[in-house]
Peer 1: 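One structure coming up, written as structure tokens, with questions to follow.
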Amino acid sequence: MNYAADSQQCLARIVDTLDFSVLSKKDAALFLNRLTTHFEALFTRYTEVYGHQYDCHWHLHQLVEVLLEGMKARKPAMKKLDTQRLAEGDWYKDEKQVGMACYVDLMGPTLRDLITKIPYYQSLGITYLHLMPLYASPEGDSDGGYAVSDYRKVNPALGNMKDLRELAAELQNAGINLVLDFVFNHTSDEHAWAKAALTGDKRYQNYYYLFDDRTVPDQYEHTLREIFPQVRRGSFTHNETLDKWVWTTFNSFQWDLNYSNPEVFNAITSEMLFLANIGCAALRLDALAFIWKEMGTNCENQPKAHTLIQAFNSCLQIVAPAVVFKSEAIVHPDEVVKYIRKDECQLSYNPLLMALLWNSLATRKTRLLTRSMQKSFAIADDCTWVNYVRCHDDIGWTFDDAVAQDLGINPYDHRYFLNQFFTGRFDGSFANGVPFAENPSNGDCRVCGSLASLCGLEGALEAGDTKGVDEAIKRMLLLYGITFSIGGIPLIYSSDELALLNDYSYLDDDAKRHDDRWVNRIAVTDDEIAMALADTDTNLSLKEKSQRAVFNGLRTMLSIRKSHAVFGRARTYILDTGNVHCFAFVRVNDNGEKLLVTANFSEFVQQISGDILNAVGHQPCNDLLTGASLRGSEDIITLQPFQQAWWAV
């Protein structure tokens, strides 16, 4: 197929039928220009997935009508931002970009309340606010909001769509980018499409994967992995109303969408553009690895999943080019990087860095972190990582088995050790974590817990151990210090900045007690915010002093980050330190600025050979964190327990 020639012919036919009168002359010209620029890419990807269907071109025509409606709904302020962001190119690589992720009800508790929290975000240095799912969802268990019943309605407990638009505008005025979730692998079984399917509507039944008996599901099951085996076994749920088996990768109330149907792609594109037009700067693509099903595979990370995301990206470029995609692919490191492209996901979570930072805390060794980052940290210059320490989910040990084996580490045994360590089952562990999704067949699990509890603060406070408290604070600042300095957008998970402990109250809630991730979904109160921002340390408990120390430590590091361009657009090189307890990397930008970061993951004093200064040409440098200096000719660099240093040339 000659895609260029065919796409031009197809576009000409579609344009001839479009009603541009719904747009101003200026917007019509702009839409046509972008459509012409990006149509070949969209045509190529769309026909790659749907070209074998007799009505493919009719559906493509319908898709362009959806794009035209999206352009019509885009507000002038957003169109202005489109122009600005296109001129900037890679705003997300700037050193001033600092993120926070939060649940509205755990920080607000409403959208309108979040507006009053903007000064708090600004005081910490936040310029990127990711709101966890806030859409209408089922009562009770909704997988933390990831079972969406209506993309165009806000959960009434949080407010309404007018409130969300007002918040988006206020955030933009404050220089804070809004990030929303795009939950597009599945809907809840209460979504209008699912309800229509339940009434017997064949059109909407084809929006999902429905099977009359277990024959086909059983064939798929041979190669699928179980996501939540502690809740239910397998990836299919029998629906009694339909007397059919429904594909439900995650929970029985989350029905997987059937992307082999082009009508589904078009319908979801319409929802995506609605979210983009609220005023967000990025959409987090939830569970993107699962969107394409292929018999005989594990139905994860399939080539057509990438094709579909690139097609969605093309649609955004036509209607809302200020908006970028953030990949949420918690999969093998080699698969994670495949989603990171300018024409696919410009941003990506970095689950490998997250997991191996925790690994280094547990083992006090950085071999696996160093080797893995040397292999997997580098990505395209026009994309960037979103580096995080904790999130709303569990911690899964997604390191590369081949890298581990090359270092003499047995991957299965090591994951077992990490699970035992961070759930406090390992003798000498400092962590108070909770096992999640423990598989009754093989004992495998993942780990939940707040930053503070996993770093040892909970246990130290209970024991009245001031030395343990001090070490826990240092661990927290060390983990976040790496994410602030290594390159990319650092993302603080709400409650981490205040060192809040595990919240075990979920065990008293029937809708939550089966899902241990709620232990680290922690409400931040106004009193805690006021305590963090207060000018005095008097009359504070040991716990409150710890919270203040973490908050002020993070705020100081972020202030430093924002004042040095080398934390932004620069290249990162992971270094060998010669000391298994230490981690190091150097950042270099086009202006010749260099930053050498050295970090000690042990509770004992460690030394690194002065050869590490080769990375900065043995020039004199100063530690931005402490003011200490190096001549550049030192034979040995000494690091105190859990110390990190940001050596700037």
Side-chain angles (χ1 to χ4, degrees), residues 66 69-79 81 100-121 126 128-174 176-184 186-196 253-254 267-286 319-320 322-323 392 494 509 511-512 521 523-526 529:
V66 168
E69 282 299 311
M71 186 70 173
K72 175 185 174 184
R74 197 149 176 82
K75 301 296 184 184
M78 297 173 211
K79 293 171 185 172
L81 187 61
M100 175 176 279
C102 72
Y103 279 100
V104 174
D105 59 324
L106 298 180
M107 174 64 83
T110 69
L111 288 165
R112 297 196 67 80
D113 291 323
L114 282 189
I115 294 175
T116 68
K117 301 296 195 303
I118 289 176
Y120 173 65
Y121 300 138
I126 300 303
Y128 165 119
L129 183 65
H130 174 194
L131 301 182
M132 309 303 288
L134 44 75
Y135 315 112
S137 57
E139 293 284 337
D141 187 10
S142 63
D143 190 23
Y146 284 96
V148 177
S149 301
D150 193 330
Y151 296 93
R152 303 186 184 218
K153 289 185 180 178
V154 168
N155 183 333
L158 307 178
N160 54 44
M161 195 55 68
K162 180 182 177 182
D163 296 333
L164 180 57
R165 288 195 172 95
E166 183 178 343
L167 173 62
E170 293 291 342
L171 288 171
Q172 187 172 338
N173 290 338
I176 300 175
N177 292 297
L178 174 63
V179 182
L180 296 175
D181 273 285
F182 180 33
V183 184
F184 72 127
H186 48 261
T187 72
S188 93
D189 57 2
E190 295 182 6
H191 192 282
W193 303 337
K195 286 182 176 179
F253 50 82
Q254 290 167 298
I268 283 291
T269 297
S270 181
E271 305 307 304
M272 176 187 75
L273 295 178
F274 178 86
L275 298 179
N277 282 340
I278 288 170
C280 63
L283 290 169
R284 169 192 175 274
L285 302 191
D286 177 64
V319 177
V323 182
H392 70 289
S494 172
D509 187 332
K512 295 178 179 178
R521 297 170 180 174
V524 175
T525 68
D526 289 342
I529 290 174

Peer 1: At their closest point, which heavy atom of R74 faces which heavy atom of A322, and how far apart are they?
Peer 2: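 That closest heavy-atom pairing would be NH2-CB, 4.1 Å.
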Peer 1: Identify the heavy atoms of M132 and Y146 that sit nearest to each other, and give their distance.
Peer 2: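 That closest heavy-atom pairing would be CE-OH, 3.2 Å.
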Peer 1: Can you give me the closest heavy-atom contact between L131 and D181, atom names plus distance?
Peer 2: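 Residues L131 and D181, closest heavy atoms: O-OD2, 3.5 Å.
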Peer 1: How long is the straight-line distance from CZ of F274 back to CZ of F182, given to the nearest 0.5 Å?
Peer 2: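 Nearest 0.5 Å value for the CZ-CZ distance: 13.0 Å.
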Peer 1: For the atom pair OG1 (T187) and OH (Y135), what is the distance rounded to the nearest 0.5 Å?
Peer 2: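 It comes to 14.0 Å.
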Peer 1: Between D286 and H186, does a side-chain contact (heavy atoms from CB on, under 4.5 Å) hold up when you go through it step by step?
Peer 2: CA-CA 9 Å; D286 177 64; H186 48 261; 3.9 Å; yes
Peer 1: Step by step, work out the side-chain contact (heavy atoms from CB on, under 4.5 Å) result for M161 and K153.
Peer 2: CA-CA 6 Å; M161 195 55 68; K153 289 185 180 178; 5.6 Å; no
Peer 1: Please report the shortest heavy-atom distance between S137 and N155, naming the atom on each side.
Peer 2: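 The answer is OG-ND2, 4.2 Å.
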Peer 1: So, N277 side chain and G70 main chain: donor-acceptor pair closer than 3.5 Å or not?
Peer 2: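 Side chain of N277 to backbone of G70, a donor-acceptor pair under 3.5 Å: yes, one is there.
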Peer 1: Please report the closest heavy-atom contact between I529 and V524, naming both atoms and the distance.
Peer 2: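 For I529 versus V524, the nearest heavy atoms are CG1-CG1, 3.8 Å.
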Peer 1: Name the residue from V104, D163, T110, L111 that meets the side-chain contact (heavy atoms from CB on, under 4.5 Å) definition with V154.
Peer 2: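 Single side-chain contact (heavy atoms from CB on, under 4.5 Å) partner of V154 among V104, D163, T110, L111: L111.
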Peer 1: Would a distance-only check, ignoring hydrogens and angles, find a side-chain to backbone donor-acceptor pair under 3.5 Å from Y120 to D526?
Peer 2: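 Checking the backbone N and O of D526 against the side chain of Y120, no donor-acceptor pair under 3.5 Å is found.
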Peer 1: Are any side-chain N or O atoms of Y121 and backbone N or O atoms of L114, one a donor and one an acceptor, separated by less than 3.5 Å?
Peer 2: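 Checking the backbone N and O of L114 against the side chain of Y121, no donor-acceptor pair under 3.5 Å is found.
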Peer 1: Identify the two heavy atoms, one from S494 and one from M107, that lie closest to each other, and give their separation to 0.1 Å.
Peer 2: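 So the minimum-distance heavy-atom pair works out to OG-CE, 3.3 Å.
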Peer 1: I need the E166 CD to N160 CG distance, nearest 0.5 Å.
Peer 2: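 Answer rounded to 0.5 Å: 9.5 Å.
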Peer 1: In terms of ring plane angle, is the pair H392 and Y103 parallel, tilted or perpendicular, where the classes change at 30° and 60°?
Peer 2: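 Perpendicular.
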Peer 1: Using the ring of each side chain (for Trp, its six-membered ring), is W193 parallel, tilted or perpendicular to H191, with breaks at 30° and 60°?
Peer 2: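 Rings of W193 and H191: tilted, 30 to 60°.
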Peer 1: Mind checking the CZ-CD1 spacing from R152 to I278? Nearest 0.5 Å is all I need.
Peer 2: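 Reported value, rounded in 0.5 Å steps: 9.5 Å.
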Peer 1: Thinking salt bridges, do E190 and K195 make one under a 4.0 Å N-O criterion?
Peer 2: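 No, E190 and K195 are not salt-bridged.
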Peer 1: Could you tell me whether a side-chain N or O of D143 sits under 3.5 Å from a main-chain N or O of G145, the two making a donor and an acceptor?
Peer 2: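 Not a single qualifying donor-acceptor pair exists.
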Peer 1: If I take atom CG from residue D113 and atom CG from residue D105, how far apart are they, to the nearest 0.5 angstrom?
Peer 2: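 Between D113 CG and D105 CG, I get 11.0 Å after rounding to 0.5 Å.
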Peer 1: If I take atom OG from residue S188 and atom CG from residue D141, how far apart are they, to the nearest 0.5 angstrom?
Peer 2: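 Here the rounded value is 11.5 Å.
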Peer 1: Is there a side-chain contact (heavy atoms from CB on, under 4.5 Å) between V148 and E271 once you walk through the steps?
Peer 2: CA-CA 12 Å; V148 177; E271 305 307 304; over 6 Å; no
